[in-house]
Amino acid sequence: MQVRRLKIINILVLTLALTPLQPLQAQDNQGRESKINSNLAMVVNMPVGSTAQAVGTGWGATGGVGYNFNARNGIISEFLWNRMYPSSGVLQPLQGASAQSGTLNGNSNLYALTGNYRYELRGPMFGAYLIGGGGWYFRKNWLSREVTSGTGTVCAPSWLWWGFTCASGTVTANQRIATSTTNAWGMNAGIGFTLRVGEAPYRLYTEARYHYAPTKNVNTQFIAVTVGIRY
């Protein structure tokens, strides 16, 4: 009986000694995840600064792939697409300049190819990270019909955004535009949070990232709010 009691006591002592190591083992398993990372998500685009004077909230998608140096440091190459629509009343000055009747519509498609660095703190269930980088931003604007600028029209973001140029405070006359493009090198920075789902390393993530590109006429500035899944 004494021998059996000693065995039971030894087992209990060993179990209690190993219990504090279990969370560390979980963390260690997290650190041995794949060196390759990837992400896919939907995006809600909220314009800020001068961009907000021309377009409103938009939507889009983003995806990327990269390399993890270790559990905290990684790099990611990402592609972003966003579609933005004119703010209320923005197209009214252009509508009046159009020779054709009917409603004037328009939209802007933004494409970005960026390289980013991510610093992450991750636990067994939750995580948080900072991300930032830069790359190429390309914007294409589209109007449902050609608009010709008149004389003496006061220059405003509603004209500049769609590709018209100004001089001495007025829109340059006799410009005929239906589509226009602009591109520039830009940068981004943001913060995100993750939640483990299923087996590691799959995680849901939500992120808010500020983007800036000094595009022609009107700088492209927006906050991309992202919800998606990461590997």
Side-chain angles (χ1 to χ4, degrees), residues 40-64 77-115 133-188 208-227:
L40 184 65
M42 299 296 294
V43 178
V44 175
N45 171 38
M46 297 185 294
V48 295
S50 55
T51 300
Q53 300 178 37
V55 292
T57 302
W59 56 274
T62 186
S77 177
E78 288 183 300
F79 175 76
L80 170 72
W81 166 71
N82 271 325
R83 170 163 288 188
M84 298 171 283
Y85 298 93
S87 301
S88 177
V90 164
L91 291 180
Q92 284 185 352
L94 283 73
Q95 172 87 41
S98 175
Q100 302 177 34
S101 60
T103 302
L104 179 66
N105 297 310
N107 62 59
S108 296
N109 286 299
L110 176 71
Y111 307 91
L113 185 62
T114 61
W136 181 65
Y137 291 76
F138 175 86
R139 191 180 81 228
K140 182 175 183 179
N141 306 310
W142 172 84
L143 295 170
S144 58
R145 61 176 180 268
E146 190 175 77
V147 173
T148 302
S149 58
T151 57
T153 303
V154 176
C155 188
S158 55
W159 289 94
L160 293 171
W161 179 267
W162 302 101
F164 293 88
T165 59
C166 296
S168 303
T170 59
V171 180
T172 304
N174 300 318
Q175 298 178 81
R176 304 176 66 181
I177 293 178
T179 62
S180 64
T181 61
T182 181
N183 66 90
W185 293 98
M187 58 186 180
N188 67 82
R209 202 186 314 183
Y210 170 76
H211 293 258
Y212 172 84
T215 45
K216 183 181 178 181
N217 294 342
V218 179
N219 294 330
T220 300
Q221 303 175 71
F222 62 95
I223 297 173
V225 179
T226 305
V227 179

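Count residues from 1 along the sequence.
Qualifying side-chain contact (heavy atoms from CB on, under 4.5 Å) partners for N183, counting only residues two or more places apart in sequence or in other chains: W136, F138. Partners of Y111 by side chain to side chain donor-acceptor pair (under 3.5 Å), not counting sequence neighbours: none found. Qualifying side-chain contact (heavy atoms from CB on, under 4.5 Å) partners for T153, counting only residues two or more places apart in sequence or in other chains: W159, V171. Residues satisfying the side-chain contact (heavy atoms from CB on, under 4.5 Å) criterion with Q92, sequence neighbours excluded, are absent altogether. Checked against salt bridge (charged side-chain N to carboxylate O under 4.0 Å, His left out), R209 has the following partners two or more places apart in sequence or in another chain: E78, E207. Here W81 pairs with N109 under the side chain to side chain donor-acceptor pair (under 3.5 Å) rule; sequence neighbours left out. In this view, T51 satisfies the side chain to side chain donor-acceptor pair (under 3.5 Å) rule with no residue, not counting sequence neighbours. Checked against side-chain contact (heavy atoms from CB on, under 4.5 Å), N82 has the following partners two or more places apart in sequence or in another chain: V43, N45, L80, L110, F222.
The salt bridge (Lys or Arg N to Asp or Glu O under 4.0 Å) pairs that include a residue from residues 83-92 number zero, where partners must be two or more places apart or lie in different chains. Pairs of residues two or more places apart, or lying in two chains, never qualify as salt bridge (Lys or Arg N to Asp or Glu O under 4.0 Å) while including a residue from residues 44-54. Here salt bridge (Lys or Arg N to Asp or Glu O under 4.0 Å) pairs that include residues 210-221, with residues two or more places apart or in two chains, number zero. Among residues at least two apart or in separate chains, salt bridge (Lys or Arg N to Asp or Glu O under 4.0 Å) pairs with a member in residues 153-181 are E146-R176.
A heavy-atom distance below 4.5 Å is found between the side chains of L91 and L143.
The two residues M187 and Y137 make their nearest non-hydrogen contact at O-OH, 3.6 Å. Across all non-hydrogen atoms, the minimal contact from A52 to S87 is O-OG, 3.7 Å. The heavy-atom pair separating W162 from S180 by the smallest distance is O-OG, 3.0 Å. Taking all atoms of both residues into account, the shortest heavy-atom contact from L104 to S144 is CD1-OG, 3.5 Å.
The CG atom of N188 sits 12.5 Å away from atom CD1 of I223, with the distance rounded to the nearest 0.5 Å.
Heavy atoms of other residues, nucleotides or ligands lying less than 6.0 angstrom from CH2 of W185 number 12 at most.
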